[in-house]
Amino acid sequence: MTRCKRRISVDDTLAGLALGFFGLILLHGSLEQRSRHNAERQAREAFGNTGTVSVKVAPRGMFGLYAGQISTVDVYGKGVQTDRLPFALYPKRGTFGTIGRLRLHLTDFRLIGLPIRRFEVDVPRLEYDLSHALFQDRLVLRKSGVGTATVEVDAEGLRTFLLRKYRGLLGEVRVSFAPSQLNLRGSASLLGIAAPISANAALTVRDGRYVDFVNPSFFLNERPVSDQIRSLLLMRLNPILDIEDDLGLRGFFRITHLEIGADSLRLTGTITVPEGEQAIATPKLKD
């Protein structure tokens, strides 16, 4: 009789442990689903509910979410648009959770006046406010490391941008890429007279912020321009891209490398998450 009671007691203990472990797994799945849902909702709001947005959250270990430890947050978007990146730091004392890497994967993305074919961001070592996450379902960033970013623009995207930036100067613009060279065709309005223009030029990065024409060949009416007209055109056109004033990326992005491929212009550089007030810029181009 005693032996039977003991066997039942052991069986009950094992069953209780199994149920407890199963309950922890269910709770873990519930927390993971909740964190993904909240991050997804916040990302959609940040992009003005444009395009399609999805989020993947990977905890650090089986029960990392209980301690607020997240390995990666991946935000995927297609066809989204915004006037500024939806990231900012709000430093404050408190209890923090950690995110190993926050990654952004955007395609067919429009940042102010520039259609971007692909935009990739990878920011490491982030800390977020646990109380906001648990009780307000909001991800509020407190700290972050320095990450990397890639901006890839195709010929059509650059054409759209140049037509807006140089409205009144350039018209009927066509853009193409050759190895290490940008080719531009269209019309230019100089001294009140419109004339066919073409330009072949390399591009260079200046001060981590500007993209300039360098050593260009300009032709008006299929004839090489004079040195005076060349200087005038360079003065009017450079920089062809200012990532702070044109794209509102002040405090976010610094260009370290530029590459012209067969069908796109690619900018790579470092990215930081600025503090709240610094994250708001006043760009020149708006819809």
Side-chain angles (χ1 to χ4, degrees), residues 35-36 38-48 50-51 53-60 64 68-77 80-107 109-112 114 116 118-134 136-152 205 207-209 241-257 267-283:
S35 62
R36 179 188 60 78
N38 292 335
E40 213 164 78
R41 186 198 70 244
Q42 199 168 336
R44 283 197 299 267
E45 291 172 359
F47 291 118
T50 59
V53 175
S54 62
V55 174
K56 289 184 179 179
V57 177
R60 190 182 299 278
Q69 296 182 350
I70 298 173
S71 177
T72 57
V73 175
D74 287 283
V75 180
Y76 299 87
V80 299
Q81 50 187 303
T82 184
D83 283 349
R84 64 186 181 93
L85 291 185
F87 300 124
L89 297 180
Y90 299 93
K92 186 180 178 182
R93 293 181 180 179
T95 305
F96 299 152
T98 62
I99 301 174
R101 310 196 85 86
L102 173 62
R103 299 186 293 220
L104 204 61
H105 316 275
L106 304 180
T107 57
F109 171 48
R110 191 180 185 95
L111 181 59
I112 307 178
L114 180 63
I116 298 172
R118 186 173 65 90
F119 188 58
E120 297 281 341
V121 170
D122 186 350
V123 182
R125 302 185 304 279
L126 298 105
E127 294 183 357
Y128 66 97
D129 193 298
L130 266 180
S131 63
H132 277 75
L134 290 174
Q136 299 184 35
D137 293 332
R138 305 292 296 181
L139 183 64
V140 178
L141 299 178
R142 300 301 190 194
K143 296 180 181 178
S144 80
V146 177
T148 58
T150 300
V151 178
E152 188 175 326
V205 176
D207 299 333
R209 169 180 172 176
L241 178 63
D242 178 342
I243 61 170
E244 292 190 7
D245 286 344
D246 292 339
L247 301 183
L249 291 177
R250 181 178 293 114
F252 281 104
F253 188 44
R254 181 175 178 81
I255 308 170
T256 58
H257 183 68
L267 305 174
T268 57
T270 58
I271 193 159
T272 55
V273 182
E275 294 187 12
E277 292 302 316
Q278 299 175 18
I280 301 176
T282 305

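Note that this is a predicted model, so its numbers are computed, not measured.
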Exercise for the section: Evaluate the side chain to side chain contact (heavy atoms under 4.5 Å, CB included) criterion for residues Arg209 and Asp242: first the C-alpha distance (whole Å), next the side-chain angles of each, then the deciding distance (0.1 Å), finally the verdict. Expected result: CA-CA 6 Å; Arg209 169 180 172 176; Asp242 178 342; 2.8 Å; yes
Problem - Inter-residue atom distance Leu102.CG - Arg125.CZ, 0.5 Å rounding - result: 13.0 Å
Practice task
Report yes if the side chains of Leu241 and Leu267 come closer than 4.5 Å at any heavy-atom pair, otherwise no.
Solution key: yes
Handout entry: Chi angles and distances behind the side chain to side chain contact (heavy atoms under 4.5 Å, CB included) call for Phe252, Val121
Key = CA-CA 11 Å; Phe252 281 104; Val121 170; over 6 Å; no
Exercise for the section: With rounding to the nearest 0.5 Å, note down the distance linking CD in Gln81 to CZ in Arg110. Expected result: 7.0 Å
Handout entry: Atom pair CG/CD1 of Leu247 and Ile116 - distance to nearest 0.5 Å
Key = 6.5 Å
Exercise for the section: Check the pair Val151 / Leu111 against side chain to side chain contact (heavy atoms under 4.5 Å, CB included), numbers first and verdict last. Expected result: CA-CA 11 Å; Val151 178; Leu111 181 59; over 6 Å; no
Problem - Leu141 side, atom CG; Tyr90 side, atom OH - distance, nearest 0.5 Å - result: 9.0 Å
Handout entry: side chain to side chain contact (heavy atoms under 4.5 Å, CB included) between Arg250 and Asp245, intermediate numbers included
Key = CA-CA 8 Å; Arg250 181 178 293 114; Asp245 286 344; 3.1 Å; yes
Practice task
Using a 4.5 Å cut-off on heavy atoms from C-beta on, say whether the side chain of Leu126 contacts that of Val73.
Solution key: no
Handout entry: Sidechain-backbone polar pair: Thr82 side chain, Arg84 backbone, donor-acceptor under 3.5 Å
Key = yes
Handout entry: NZ/NE/NH1/NH2 to OD/OE distance under 4.0 Å, Asp74 and Arg101
Key = no
Practice task
If the plane angle is over 60° it's perpendicular, under 30° parallel, otherwise tilted; pick one for Phe47 and Phe109.
Solution key: perpendicular
Practice task
State, yes or no, whether a side-chain contact exists between Ile112 and Asp246 at a heavy-atom distance under 4.5 Å.
Solution key: no
Practice task
For Thr256 and Thr268, indicate whether the former's side chain and the latter's backbone hold a donor-acceptor pair under 3.5 Å.
Solution key: yes
Handout entry: Arg118 side, atom CZ; Leu106 side, atom CG - distance, nearest 0.5 Å
Key = 11.0 Å
Problem - Smallest separation among heavy atoms of Val123 and Gly145, with atom names - result: CG1-O, 3.6 Å
Exercise for the section: Would you give the length of the straight line joining atom NE2 of His257 to atom OG1 of Thr150, rounded to the nearest 0.5 angstrom? Expected result: 10.0 Å
